[in-house]
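Below is one structure; the comments refer to it alone.
Numbering of ligands and ligand atoms starts at 1, following listing order.
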Amino acid sequence: MGENPWQPLLQTFEKLSNCVQTHLSNFIGIQNTTRRSSTTVQNPVISVDSSSSPPIATNSSSSLQKLPLKEKSIGPVTKEDLGRATWTFLHTLAAQMSILSRMYPCRECADHFKEILRSNPAQAGSQEEFSQWLCHVHNTVNRSLGKLVFPCERVDARWGKLECEQKSCDLHGTSMDF
Ligand SMILES: Cc1cc2nc3c(=O)[nH]c(=O)nc-3n(C[C@H](O)[C@H](O)[C@H](O)COP(=O)(O)OP(=O)(O)OC[C@H]3O[C@@H](n4cnc5c(N)ncnc54)[C@H](O)[C@@H]3O)c2cc1C
């Protein structure tokens with residue numbers, strides 16, 4: 001075998017991760033300073049607040065204890081939660097940036113997916129090709145789980161845009177250098 005075909009994707013993803021991390025840190029900082037006095041929150045990292053507003057991140061180790069019971073979700077992530085979130089991530093990336101992630105933390109799923117990838121090598125010559133390929137492999141997983149097959153011509157409508165105000169999170173047309 002020659003060079004690992006995933007390498008360019010992984011390197012790009014690495015850059016993207018760093019970029020997202022930086023922007024997320026900045027974003028969390030801005031959210032906190034607009035919602036709270038700057039004297040109460042410094043260097044916010046991650047946890048949740050129990051006010052009526054949507055949860056925001058802080059670095060307070062006790063803030064989780066303040067959550068109402070219904071908002072606490074401290075149990076392990078289920079296979080379904082993980083899958084749903086990962087597909088969302090993958091399809092959004094594929095539709096917008098043609099990048100695929102690297103590892104999958106569910107052994108059974110990863111083993112299964114490895115088999116699927118073996119018979120369906122990644123096609124990432126263009127964003128369109130990658131989106132369609134991902135739709136196809138997702139459908140392969142869907143079929144094996146007895147789920148409905150998704151119409152791949154609808155992939156862009158489903159995943160091509162993020163919902164956010166004034167297109168501030170839409171990567172299309174930005175000058176970000178990945
Ligand atoms: C790589 C990978 C491998 C997995 N392997 C397994 C496994 O072996 N065993 C197991 O039990 N679970 C596995 N899962 C989890 C499983 O695929 C589902 O994510 C989980 O069961 C939740 O399913 P869901 O019905 O919410 O929809 P999901 O399959 O999570 O899909 C989320 C959304 O994506 C859209 N969608 C569905 N199909 C497509 C498609 N083909 N193209 C584009 N968009 C689509 C739909 O709008 C859907 O609501 C795997 C997940 C991943 C990411």
Side-chain angles (χ1 to χ4, degrees), residues 1-24 27 46 48 54-55 57 67-174 176 178:
M1 288 273 283
E3 189 185 315
N4 178 358
W6 293 99
Q7 201 56 31
L9 291 176
L10 298 184
Q11 285 167 348
T12 314
F13 178 73
E14 193 114 21
K15 288 184 195 169
L16 175 67
S17 300
N18 293 337
C19 179
V20 168
Q21 210 169 347
T22 306
H23 285 280
L24 194 59
F27 172 74
I46 197 151
V48 194
L67 279 173
L69 269 179
K70 68 181 172 63
E71 284 187 54
K72 281 188 183 170
S73 179
I74 54 176
V77 172
T78 65
K79 199 167 60 174
E80 283 72 26
D81 293 336
L82 177 66
R84 224 165 278 131
T86 306
W87 284 123
T88 297
F89 176 67
L90 293 178
H91 284 297
T92 308
L93 284 183
Q96 299 207 23
M97 299 204 51
S98 311
I99 302 168
L100 187 56
S101 183
R102 38 185 163 184
M103 295 169 86
Y104 196 71
C106 155
R107 169 74 65 85
E108 169 198 340
C109 309
D111 288 348
H112 180 211
F113 201 52
K114 221 178 284 169
E115 290 302 314
I116 293 175
L117 290 179
R118 209 164 283 152
S119 7
N120 298 276
Q123 293 172 20
S126 66
Q127 176 255 302
E128 166 75 12
E129 192 179 47
F130 184 57
S131 275
Q132 289 299 311
W133 169 80
L134 189 57
C135 183
H136 173 69
V137 292
H138 189 166
N139 275 337
T140 307
V141 175
N142 287 345
R143 271 190 215 96
S144 76
L145 298 177
K147 292 179 188 287
L148 290 175
V149 165
F150 186 91
C152 289
E153 67 276 10
R154 300 280 306 144
V155 138
D156 273 352
R158 172 73 176 91
W159 302 104
K161 292 254 184 291
L162 294 183
E163 191 175 284
C164 58
E165 283 179 22
Q166 297 173 345
K167 298 191 170 187
S168 54
C169 58
D170 192 345
L171 292 169
H172 283 303
T174 67
M176 291 168 88
F178 294 109

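If you look at V149 next to ligand 1, there are no close heavy atoms at all, none under 4.0 Å. For R158, every heavy-atom contact with ligand 1 shorter than 4.0 Å involves the side chain, none the backbone. Contact annotation: for L145 versus ligand 1, heavy atoms closer than 4.0 Å belong to the side chain alone. Contacts of T88 with ligand 1, taken as heavy-atom pairs under 4.0 Å, are absent altogether.
At least one donor-acceptor pair closer than 3.5 Å links the side chain of W133 to the backbone N or O of N120.
In summary, the atoms of ligand 1 found under 4.0 Å from a heavy atom of T86, numbered by their order in the structure, are 53 (C). If you number the atoms of ligand 1 from 1 as listed, the ones under 4.0 Å from a heavy atom of K147 come out as 21 (O), 23 (O), 24 (P), 25 (O).
Closest approach of F150 to N139, counting heavy atoms only: N-OD1, 2.7 Å. When every heavy atom of W87 is checked against every heavy atom of L134, the shortest pair comes out as CZ3-CD1, 4.1 Å.
Any N or O atom pair closer than 3.5 Å counts here, and N139 shares at least one such pair with ligand 1. Polar contact check, H112 against ligand 1: a nitrogen or oxygen pair lies under 3.5 Å apart. For a threshold of 3.5 Å applied to N or O pairs, the pair formed by C152 and ligand 1 contains no separation below that value.
In the candidate list S131, C135, C109, C109 is nearest to atom 6 (C) of ligand 1, counting heavy atoms. Taking only non-hydrogen atoms, the option from F89, W159, F113 nearest to atom 35 (C) of ligand 1 is W159.
Atoms OG1 and CD, on T140 and E115 in that order, are 12.5 Å from each other to the nearest 0.5 Å. If you take CG on L117 and NE2 on H112, they are separated by 10.0 Å, rounding to the nearest 0.5 Å. Note that the CD atom of Q132 and the CD atom of Q127 stand 9.5 Å from one another [nearest 0.5 Å].
Counting heavy atoms from C-beta outward, E128 and D156 have side chains that approach closer than 4.5 Å.
Under a cut-off of 6.0 angstrom, the local environment of CG in L148 is sparse, with at most 12 non-hydrogen atoms contributed by other residues, nucleotides or ligands.
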